[in-house]
Amino acid sequence: MESGSGLDPSKSKGSGSGEGKFGAFLKRVEPFLPRKELNPVELRSWAKKTGFVSDYSGETSAKLGETESSAFDLPKGRDHHQIDRASSRQTDLDPILGRSRRSDIGSDPGSKPGSIEEERGSNAETPLENEGGKISRDLENGCYYPGGGEGEGGGWPKPIVMKYGLRDNPPGFGPLVYYGLQHYLSLAGSLVFIPLVIVPAMDGSDKDTAAVISTMLLLTGITTILHCYFGTRLPLVQGSSFVYLAPALVVINSEEFRNLTEHKFREIMRELQGAIIVGSLFQCILGSTGLMSLLLRFINPVVVAPTVAAVGLAFFSYGFPQAGTCVEISIPVIVMLLICTLYLRGVSIFGHRIFRIYAVPLSALIVWTYAFFLTVGGAYDYKGCNADIPSSNILINECKKHAYTMKHCRTDASNAWATSPWLRIPYPFQWGFPYFHMRTCIIMIFTSLVTSVDSVGTYHATSMLVNAKRPTRGVVSRGVALEGFCSLLAGIWGSGTGSTTLTENIHTINITKVANRRALAIGALFLIFFSFVGKLGAILASIPQALAASVLCFIWALTVALGLSNLRYTQTASFRNITIVGVSLFLGLSIPAYFQQYQPLSSLILPSYYLSFGAASSGPFQTGIMQLDFAMNAVMSMNMVVTFLLAFVLDNTVPGSKEERGVYVWSRAEDMELDPAMQADYSLPRRVAQFFGCRCC
């Protein structure tokens, strides 16, 4: 068949040459059509060898040759290519090759089907090239998975274009600082709001809340720098994860600890420290011994998606019940967040999408100011009640019903500013030496396993988002081992939760379009500096609890969405997949509810939003071994653990093809040795690699 020839409707009628070409076309395609199970990988390989190109008009072209095959050959170089994007043209998926194509090729009767290269030459300067020229595109499991963006005219979504990639440094020090701080500001809710949940639950003072916030800022800065240079080296912020929040609340609200009267905060914090240290050591062993590389064979999107979603759903009983204590603050916060992230997401101010990037800090600041004016205006002043919450109002009957509202709504209810020093450096074992008990250590071991699964999905999604090749299994194991070390630091310093990769990183990179490691490291240095300013932690500790709970409602909902978005790598219409995900999520919520009902006294002692975290001491698992009973009742009352176990077993026992399951494709170590670009993305610094004696660490 000649180059550019094919099935042309204008030539096939009454033309012998047209019939000959049609017969030649059938001879080349016919051997592949009768097969019932078509492997897209094999079809792409056959298409590259034969030069076959499929498009809507049925035309074929053998002229692609080296141009197309090299552009879409994954083993050669980075996963970047340039494609034409005229505004009137539409990008769709080629069902044979698994590559994008223009729907208007061949639609013009006067156009030559084989003139793809000529069209490329005439459209050499495209809008995407003007924006930076790097376009992400994926050929995984025979499908095209864009990293993000929105399609026009109902077509496939556009590939994401990063402003700055992993090694694309912004010009000058100023932009580095700006982009670094921008990344952390967009993650502000995840970084500083966890202490506002756990410290009050431990009966800690406002000064304790400010100290824990400063400790978390310090650990976030240190662990992020470590991960950027010694972990997977992807631009991922490490911090206190919501995965650790649920087990922390389970320990805090157990009978053994909620009945403490003296030094309750320090006693519980030391218990959490010991458990986090043991769990982090387990995670270090999991990553450094190669066990994680073996486990990766069984962790796929059908397992990751419901597990991460369950992390957010675990707090549905805490979210709005806590935020609803002051609806005049909580509802405006949620409305502002939705307006900024959805309705104003396309609004650009001086070239920056301010509302989308800074949705959380902007909404919180506006509503916090509004709450300040409510407080100053006397909205929470009650006759005979003092603003000193709650001690001065406990003995006054008229003020008892208002004390709860005043505590959660007033902006001056916290005395953190008055009690916190200007300079405070968090130090190891600042709350005392940790306690080590088997019951809480088992809980944190299961938790560290869930955080590892969460991180695997984040690593894979981020590598696609920043237009890099997939990391090798060894790189993923190295990242998990370093996360274990970071959690070890969190246990030593006493932040109350472990440190891991924040799932919200995916959303942040997607909206900022910045994936530069150096910018992230410079921003982390600023966090370390801010952690020494005690008054800054005091300001953050003064945020009303209702406002913090409202922001967390949005962040937890976003976590659920990010978790379920992992299903885009699978065949989402598959009955197998939707059944596994549905059963895992439903039973992951229902089984813990069964364990949580065995606590008759808890409903009389705990607030309603803590009831789901109080089953550790009185659950149905009773063997007579108190330590084991406590641990198993606690583990089975956590949604994320039950969901993970169910999804893990079902996905790895129910038959399904790799394409149907969306099995994660990781790069091979051999590919990394031969690819300098991949080594620059994932390899450890040269001196560190030489120290460990590993060529491709």
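Computed from a predicted structure; not experimentally measured.
Side chains of Tyr435 and Glu267: a donor-acceptor N/O pair is present below 3.5 angstrom, by distance only. A side-chain donor-acceptor contact under 3.5 Å links Gln283 and Ser452. Under 3.5 Å, the side chains of Ser612 and Gln596 contain no donor-acceptor pair of N or O atoms. Asp208 and Ser205 are linked by a side-chain donor-acceptor pair at a separation below 3.5 angstrom, with hydrogens and angles left out of the test. At a cut-off of 3.5 Å, with distance as the only test, no side-chain donor of Glu483 or Thr451 sits close to an acceptor on the other residue. With 3.5 Å as the limit, one finds no donor-acceptor pair spanning the side chains of Asp412 and Thr375. Counted by atom type alone, Gln430 and Thr215 present one or more donor-acceptor pairs between their side chains at under 3.5 Å. A donor and an acceptor atom, one from each side chain of Thr440 and Glu271, are located under 3.5 Å apart. Between the side chains of Ser240 and Thr497, at least one donor N or O lies within less than 3.5 Å of an accepting N or O.
Taking 4.5 Å as the limit, some side-chain heavy atom of Phe644 sits within range of a side-chain heavy atom of Leu449. At a threshold of 4.5 Å between non-hydrogen side-chain atoms, the residues Trp368 and Val333 do not count as touching. Using a 4.5 Å heavy-atom threshold, the side chains of Leu562 and His507 count as touching.
A salt bridge is defined here as a Lys NZ or Arg NE, NH1 or NH2 lying under 4.0 Å from an Asp or Glu carboxylate O, and Arg576 with Asp651 meets this definition.
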Carefully, step by step, assess Ser477 and Ser293 under the rule side chain to side chain donor-acceptor pair (under 3.5 Å). CA-CA 6 Å; Ser477 297; Ser293 297; 2.8 Å; yes
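Considering CG of Leu628 and CD of Gln622, their distance stands at 10.0 Å, rounded to 0.5 Å. We find the CG-CE distance between Asn633 and Met638 to be 11.5 Å, quoted to the nearest 0.5 Å. Atom-to-atom distance recorded for Ile277:CD1 and Leu272:CG is 11.0 Å, nearest 0.5 angstrom. Here the straight-line distance linking atom OG1 of Thr501 with atom OH of Tyr459 works out to 4.0 Å at 0.5 Å rounding. Summarising the geometry, atom CG belonging to Leu187 is positioned 9.5 Å from atom OG1 belonging to Thr220; distances are rounded to the nearest 0.5 Å. Rounding to the nearest 0.5 angstrom, the gap separating the CG atom in Leu249 from the CZ atom in Phe315 is 6.5 Å.
Residue Phe429 forms a ring pair (Phe, Tyr, Trp, His ring centres under 6.0 Å) with just one option from Trp431, Tyr427, Phe433, and that option is Phe433.
Judged by a 6.0 Å distance limit and a 45° cone about the ring axis, Arg410 is not positioned over the six-membered ring of Tyr380.
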